[in-house]
There are 2 protein chains.
Amino acid sequence: MATNRKPTAPGRRRPPRQKPGVKKEQILEVAIDSFGRYGYEETKWADVAAAVDIGSTALYHYFESKQHCLFEIMAKTVSDYRARFDKIIAERDDWNDALVTLLVDSFDISDQQVMRQRVMVAEFGRIASPRALPREEAARASARAQTRDLEFAWGTFLARGMQQGLLPENDPRLLTRAVLGLYNSVWHWYRPGGTLRLADVSRFFVSRQLAILGCPPDLADERFDKLEDAA
Amino acid sequence: MATNRKPTAPGRRRPPRQKPGVKKEQILEVAIDSFGRYGYEETKWADVAAAVDIGSTALYHYFESKQHCLFEIMAKTVSDYRARFDKIIAERDDWNDALVTLLVDSFDISDQQVMRQRVMVAEFGRIASPRALPREEAARASARAQTRDLEFAWGTFLARGMQQGLLPENDPRLLTRAVLGLYNSVWHWYRPGGTLRLADVSRFFVSRQLAILGCPPDLADERFDKLEDAA
DNA sequence: TCCGAACCTGAACTCAGTTCAATAACGCGA
DNA sequence: TCGCGTTATTGAACTGAGTTCAGGTTCGGA
């Protein structure tokens with residue numbers, strides 16, 4: 001837990017500069033890992049700087065503040081999820097197929113994406129209140145708006161399933177909150193490298209999500225069996 | 001949002017001292033409300049002091065730190081939930097009756113208890129890592145241990161339902177996490193005084209919890225109808 | 001070779017949270 | 001009613017993570 005990085009040896013040339021954007025990606029990587037592992041509060045901003053080998057004030061070249069970094073992580077997390085959501089919806093005609101794919105796909109994520117989800121659910125409360133710094137506020141507002149949009153998109157999708165008679169009638173907004181709420185709850189306790197494999201968590205929770213919706217919970221079993229065979 | 005309280009007028013007698021414990025309760029009330037409404041971070045500890053009409057340093061007579069206060073709130077929240085849980089279990093012979101009562105009862109809470117749940121779910125991540133100050137650490141450890149115990153108790157209860165053939169066989173621990181995860185997810189977005197009535201939220205989410213468990217979701221309908229008639 | 005933009009730094013500042021030494025009020029036994 | 005330990009409170013000072021600022025250095029391209 002060194003708080004300060006070692007200074008460049010005097011009389012020594014600095015290492016050659018990398019491609020633009022690389023450093024920022026490094027910072028985000030370290031931040032995601034540290035925020036996800038120890039929590040946002042516990043993580044010292046200066047330690048993140050040290051980990052990517054810059055002085056703590058250099059961080060302000062990339063982010064307006066520590067929270068700005070957090071909000072960018074969150075905005076990216078939702079935005080990536082949304083992109084996958086849209087792609088799946090667009091590619092499937094069959095509603096049931098789309099549903100199962102959506103549910104299964106959202107658990108089919110890398111360790112780093114898990115960490116992002118952990119950061120997301122742990123610090124979600126922060127995106128509620130506006131901030132003063134312009135870019136920070138932009139990132140916050142973006143994360144918030146995209147979250148809302150995503151809920152709306154899910155609601156619309158579920159309403160379509162009801163129209164087609166594939167889903168029992170119910171308030172689509174509350175149903176969305178229930179399905180996504182159950183999904184998000186996973187990241188409060190699941191962490192990569194634990195005793196539980198994500199594939200098992202996925203199998204269990206997808207079936208429970210289907211139960212919430214009122215579908216036969218074994219709707220996704222076939223899909224999982226196929227995935228197992230592939231692996 | 002005044003940060004400092006007005007000083008006692010000089011030459012004036014202080015107001016008479018209240019019963020011991022009253023001030024601490026006042027602090028907790030204000031803290032719960034403020035943490036739940038604006039978030040723990042956003043809430044300035046000194047503002048809490050001002051709200052109960054003491055200087056900010058006087059808070060340290062009651063709590064070792066701001067986090068200590070938070071942890072006491074969380075510990076109390078779990079402990080109260082647990083007490084209700086145990087009482088309900090003890091009073092019911094019929095397993096289905098107990099289940100429905102547990103689920104319905106956990107939504108039958110006052111506005112202040114809602115705020116406590118909001119604080120709980122929003123800041124839950126903090127109870128993971130140990131703290132240095134003794135009483136603060138004690139409160140943290142207590143909150144953590146009680147949460148674990150509660151999950152265990154739920155798991156045991158669900159396993160009993162499976163033994164009696166009233167619940168489909170499933171991993172009781174994962175099932176517990178799903179049921180409680182869905183419950184907790186509510187407090188991320190529900191707040192008192194909104195457009196949605198808690199009774200409606202309750203009706204919907206209890207039925208979804210039953211769906212998760214694999215029970216007929218209308219198992220609780222009768223109960224709700226009775227509650228409606230009473231009101 | 002010059003220039004502007006991107007990148008980075010040390011020193012200093014901020015401010016919520018906290019510590020500390022001292023004081024005031026209370027409650028109770030002598 | 002006095003004395004004395006406990007409880008409650010305060011102002012002044014301290015702490016440290018986060019931040020600002022006024023500059024430097026490096027780079028790619030004109």
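Chain A is the first sequence line, chain B the second, and so forth, proteins listed ahead of strands; every chain is numbered from 1. Remember, it's a predicted structure, so these values are computed and weren't measured experimentally.
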Output the single nucleotide from [options] whose closest atom is nearest the side chain of [X].
X: Lys66(B); options: dT9(D), dC8(C), dG17(C); value: dG17(C)
X: Thr57(B); options: dG11(D), dT19(D), dG17(C); value: dG11(D)
X: Ile54(A); options: dG17(C), dA8(D), dC8(C); value: dC8(C)
X: Trp45(B); options: dG17(C), dT19(D), dA17(D); value: dG17(C)
X: Lys23(A); options: dC8(C), dT19(C), dT19(D); value: dC8(C)

Whole-Å distance separating the [atom1] atom of [X] from the [atom2] atom of [N]:
X: Arg131(B); N: dG17(C); atom1: CZ; atom2: C1'; value: 12 Å
X: His68(B); N: dA16(C); atom1: NE2; atom2: P; value: 23 Å
X: Tyr62(B); N: dT18(C); atom1: OH; atom2: P; value: 17 Å
X: Glu41(B); N: dC15(C); atom1: CD; atom2: C1'; value: 13 Å
X: Phe63(B); N: dT9(D); atom1: CZ; atom2: P; value: 13 Å
X: Leu59(A); N: dC7(C); atom1: CG; atom2: C1'; value: 12 Å
X: Glu64(A); N: dT19(D); atom1: CD; atom2: P; value: 10 Å

Minimum-distance pair of heavy atoms, taken over all atoms of Ala128(A) and Arg144(A) | CA-NH1, 3.4 Å

Residues that Arg208(B) engages under salt bridge (Lys or Arg N to Asp or Glu O under 4.0 Å), provided they are two or more places apart |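 Counting only residues at least two positions away or on another chain, Arg208(B) forms no salt bridge (Lys or Arg N to Asp or Glu O under 4.0 Å).
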
Is the shortest side-chain N/O distance from His61(B) to OP1 or OP2 of dT9(D) below 4.0 Å?
->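 Checking dT9(D) against His61(B), no side-chain N or O comes under 4.0 Å of OP1 or OP2.
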
Would [X] and [Y] pass as an ion pair if we require N to O under 4.0 Å?
X: Arg131(B); Y: Glu42(A); value: yes
X: Arg84(B); Y: Asp80(B); value: no
X: Arg148(A); Y: Glu151(A); value: no
X: Arg126(B); Y: Glu41(B); value: yes

When all nucleic acid strands are considered with a 4.0 Å heavy-atom cut-off, which category describes Tyr60(B): base, sugar-phosphate, or nothing?
-> base

Think Lys44(B) forms a cation-pi with Tyr38(B), using NZ or CZ under 6.0 Å from the six-ring centre and within 45 degrees of its axis?
-> no

Under a 4.0 Å heavy-atom cut-off, which of residues 26-37 of chain A touch DNA chain D?
-> none

